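The structure under discussion appears below in the form of structure tokens.
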Amino acid sequence: MNKFTKAFLKTDELVAKKEDLEKYYLSHTENLSFTNDEGITLTATKFIIDDPIARIVIIPGRGEIAHKYYELFYTLGQLRIGAVICFARGQATSTRLLENKQKCHIEHFEDFAKDICFILDKLNITNYKLLAFSIGGLISLDIIKNMPNKPEKAALIAPYIWPYFKLNKTLLKLFVNTLGTLPYTKTMYTPHGKEYKKVPFEINHHSHNQVRYDNYHDYYAKHPAYTIGGPTFKFVKEALRKQLELIKGKFDFTIPVYVQAAGDDKVVSTKESQAYFLSHQHDTIPPKYEIIDNAYHDILNEDDQYRIKCLANALKFLIG
């Protein structure tokens, strides 16, 4: 057991210390806001500690907010690691793009990477260590492949390499590309999309841990302005286009990348993720790839047996 593992709270400790963790979060975070040349407001949350031994940049998953990381921030504080979470357009309190603010929408997937790099530039952050979750992993790969301000290292957790769908790939692409292009349908929710609503824990496919799952969604119940619903067809089309660019295009990993995929993911196709990263094992610096057996997609809120090992290993890779 390394120092990173020891710093994480187990579920019973989280229950006992929840009020203290909330106070710690409020006293150690600063919310930042920047406006780009399009007039779009981009936001970030900075986790501040005295004399940090290291700092990391975090790109969260779709629809996540800074408060979701309050337990992780506490752990980072014990390890003396500072952090900043960056929110691209349409996410958290950054400008949402449609009149219906519940719809998760994007016009060009590249805008996500540009927004993150704009925030990093405003904060004078270069040569950074990157931790990313879900679609944050796809944004990270876009940054690593196409942007000048690349991280030194990147730890990607359950990266959104390909959606978890049983639909044939050809049919999926045809369906999404058609409905993601037509003016009337491109801003519609996808078939499973709708406004935010808490799914009962017993039928959710994101976490095995009811305490963390309820904490996450109870916060949204108290702060409904932070919620966001499902993606639009245009959002999925743009993500699919970026995924195909990565899968089919030529690319060589030249920085250390560590990927941990959820073995029982119902959001991201772990099979496609594994195939993608294993296809790069002859790159300049081959990415390290692991599967967290039986874990659901939302590792940040998962059971201790999945969450602690995964996050501790990510921090050890980035900092250790």
Side-chain angles (χ1 to χ4, degrees), residues 8-33 41 43-47 58-75 83 85-105 133-136 157-158 189-232 235 262 265-267 295-304 306-307 311:
F8 282 88
L9 297 177
K10 294 195 170 130
T11 303
D12 57 347
E13 295 175 297
L14 171 62
V15 172
K17 293 185 176 183
K18 185 175 185 301
E19 187 174 335
D20 291 336
L21 264 63
E22 292 280 2
K23 292 177 181 177
Y24 184 85
Y25 170 80
L26 291 173
S27 64
H28 286 77
T29 55
E30 178 185 3
N31 294 317
L32 308 170
S33 179
T41 298
T43 59
T45 296
K46 191 174 183 181
F47 173 61
I58 298 174
I59 305 180
R62 187 188 73 80
E64 293 182 354
I65 58 175
H67 183 270
K68 182 177 182 179
Y69 291 77
Y70 81 106
E71 184 183 356
L72 178 60
F73 280 173
Y74 181 82
T75 296
I85 304 181
C86 302
F87 298 101
R89 67 189 68 192
Q91 303 301 305
T93 53
S94 294
T95 298
R96 298 193 183 179
L97 304 181
L98 298 178
E99 185 176 348
N100 183 345
K101 299 189 187 310
Q102 278 290 298
K103 291 183 176 180
C104 187
H105 186 73
F133 298 84
S134 192
I135 203 163
I157 297 178
Y189 285 124
T190 57
H192 297 292
K194 56 185 176 182
E195 291 188 357
Y196 167 82
K197 183 179 180 181
K198 180 183 177 181
V199 174
F201 174 76
E202 292 74 19
I203 59 172
N204 98 90
H205 294 296
H206 285 260
S207 172
H208 291 92
N209 189 288
Q210 186 161 4
V211 169
R212 291 191 177 96
Y213 183 81
D214 285 343
N215 282 351
Y216 179 41
H217 291 282
D218 287 350
Y219 189 84
Y220 278 140
K222 296 175 183 176
H223 303 85
Y226 292 157
T227 64
I228 190 168
T232 63
F235 183 100
D265 204 323
K266 297 294 191 299
V267 177
Y296 281 165
H297 181 70
D298 190 3
I299 298 297
L300 203 66
N301 280 331
E302 255 291 18
D303 264 344
D304 299 339
Y306 309 122
R307 178 182 187 272
L311 295 177

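Everything numeric here is computed off the predicted structure, so don't read it as measured data.
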Atom of [X], atom of [Y] and distance for their closest heavy-atom approach:
X    : Y    : value
F87  : E64  : CE2-O, 3.4 Å
C86  : P60  : O-CD, 3.3 Å
H297 : S134 : NE2-OG, 2.8 Å

Is there a donor-acceptor pair closer than 3.5 Å between any side-chain N or O of T95 and the backbone N or O of T41?
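The answer is yes, because a donor-acceptor pair under 3.5 Å joins these two groups.
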Under 3.5 Å, side chain of D304 to main-chain N/O of T11, donor-acceptor pair present?
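It does hold such a pair.
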Could you grab the distance from atom [atom1] of [X] to atom [atom2] of [Y], nearest 0.5 Å is fine?
X    : Y    : atom1 : atom2 : result
E302 : R212 : CD    : CZ    : 9.0 Å
K198 : Y196 : NZ    : OH    : 7.0 Å
H206 : I299 : NE2   : CD1   : 12.0 Å
E71  : E13  : CD    : CD    : 9.5 Å
C104 : L98  : SG    : CG    : 9.5 Å
Q102 : I228 : CD    : CD1   : 7.0 Å

Verify side-chain contact (heavy atoms from CB on, under 4.5 Å) between F235 and R62, making sure each step is shown before the conclusion.
CA-CA 11 Å; F235 183 100; R62 187 188 73 80; 3.7 Å; yes
Taking the six-membered ring for Trp, is the centroid-to-centroid distance between H28 and F73 below 6.0 Å?
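Centroid separation for H28 and F73: 6.0 Å or greater.
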Are Y69 and F133, when compared by the centres of their aromatic rings, separated by less than 6.0 Å?
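So the answer is yes for these two rings.
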How far apart are the C-alpha atoms of D12 and V211, what are their side-chain angles, what is the distance that settles it, and do they pass the side-chain contact (heavy atoms from CB on, under 4.5 Å) test?
CA-CA 9 Å; D12 57 347; V211 169; over 6 Å; no
Counting only heavy atoms not in [X], do more than 12 sit closer than 6.0 Å to its [atom1] atom?
X    : atom1 : answer
Y226 : OH    : no
K46  : NZ    : no
K194 : NZ    : no

Take D303 and Y296, measure what side-chain contact (heavy atoms from CB on, under 4.5 Å) needs, and give me the verdict at the end.
CA-CA 9 Å; D303 264 344; Y296 281 165; over 6 Å; no
D298-S207 side chain donor-acceptor pair, cut-off 3.5 Å
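No - no donor-acceptor pair under 3.5 Å links their side chains.
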State whether a side-chain donor-acceptor pair under 3.5 Å links T43 with S33.
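Side-chain D/A pair, T43 to S33: absent.
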Please name all residues satisfying side chain to side chain contact (heavy atoms under 4.5 Å, CB included) with H67, sequence neighbours left out, ordered by chain then number.
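Listed in chain order: E22, Y25, I65, Y70, Y219.
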Tell me whether K68 forms a cation-pi arrangement with Y216, defined as NZ or CZ under 6.0 Å from the six-membered ring centre and within 45 degrees of its axis.
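That pair qualifies as a cation-pi contact.
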List the steps, then state whether side-chain contact (heavy atoms from CB on, under 4.5 Å) holds for T93 with N31.
CA-CA 10 Å; T93 53; N31 294 317; over 6 Å; no
